[in-house]
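Below is one structure, written out as structure tokens; comments come after it.
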Amino acid sequence: MKMVKAIILLSGNGSNFQNIIDNIKSGFLKIKICSVLSDNKNAYGLERAKKEKIKTIIISSNNDYDIVTKTIIENSVDIIILAGYMKILPASFVNKHIGKILNIHPSLLPKYKGLNTHHRVINNKEKYHGASVHFVTPDLDNGPVIIQGKVKIENDDTENTLKEKVHKIEHKIYPLAIKWISEKLVKKESDKCLFNNEILTTPIEHI
Ligand code: GRF
């Protein structure tokens with residue numbers, strides 16, 4: 001079978017990227033990461049890529065999305081994985097690669113789109129928080145959700161403890177979603193996800 005190829009876009013620490021690498025090494029994910037691209041030349045994720053001898057590319061301006069597309073075409077990339085990529089992708093880029101771009105967002109979408117999710121859930125005295133993996137569409141954090149993982153918010157939770165709990169869940173659900181997509185078990189069809197050719201009426205809940 002043809003090896004599924006992916007690229008990673010990140011802006012920061014890259015713990016999700018590292019976790020994907022670890023899952024490739026363990027044999028759970030059968031994909032190849034062709035390049036890691038970042039809008040932040042100081043992102044620690046780029047160091048992680050260099051350590052793994054994966055090519056790195058800096059996206060310095062909005063025009064550089066042509067370079068990203070070139071990378072995708074030249075490498076026949078199947079999956080574009082956003083792993084803490086903090087820039088909003090231009091709609092023209094997203095539309096060109098629709099159904100191939102995946103994101104992980106630290107909230108139980110459709111709740112808490114955008115930034116500072118941990119702070120906002122605590123302020124709103126929510127009982128639960130979590131993370132969602134979704135297909136990217138031109139509307140921010142609005143694409144169809146594949147899988148979510150929930151965490152309970154305890155009275156003594158702070159932004160930092162919640163962030164840690166959410167990261168743990170992210171490291172479980174992102175490899176699962178990537179595996180399903182690489183095995184063509186999950187697909188995007190218009191504004192829905194298909195799992196095994198059945199429409200997902202609600203996201204898969206990770207227990
Ligand atoms: C994660 O919380 C992810 O949900 C969000 O950005 C953060 C990236 O973390 N999109 P890391 O760089 O993978 O550690």
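What you see below is based on every heavy atom in this structure, not just the backbone, and it leaves out hydrogens, waters and symmetry mates. Keep in mind the model is a prediction, meaning the values are calculated, not measured. Whatever order the structure lists them in is the order used to number ligands and atoms, beginning at 1.
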I need the nearest protein heavy-atom contact for [atom]: residue, atom name and distance, please.
atom                    : result
atom 3 (C) of ligand 1  : E170 OE2, 3.3 Å
atom 10 (N) of ligand 1 : I104 O, 2.9 Å
atom 6 (O) of ligand 1  : G84 CA, 3.4 Å
atom 12 (O) of ligand 1 : G14 N, 2.8 Å
atom 9 (O) of ligand 1  : H167 NE2, 3.1 Å

Legend entry - Contact atoms of ligand 1, heavy-atom distance to S15 under 4.0 Å: 11 (P), 12 (O), 13 (O), 14 (O)
Would you kindly say whether [X] and [Y] are connected by a side-chain donor-acceptor distance under 3.5 Å?
X    : Y    : answer
Q18  : D22  : yes
S11  : N40  : no
S15  : H171 : yes
Y112 : N124 : yes

Inset, instruction - Report yes or no: is the cationic atom of K188 (NZ for Lys, CZ for Arg) under 6.0 Å from the centre of the six-membered ring of F135, at an angle within 45° of the ring normal? - result: no
Inset, instruction - Indicate yes or no: does an N/O atom of G12 lie under 3.5 Å from an N/O atom of ligand 1? - result: no
Inset, instruction - Give a yes or no answer on whether the side chain of K179 reaches the backbone of F28 with a donor-acceptor pair at less than 3.5 Å. - result: yes
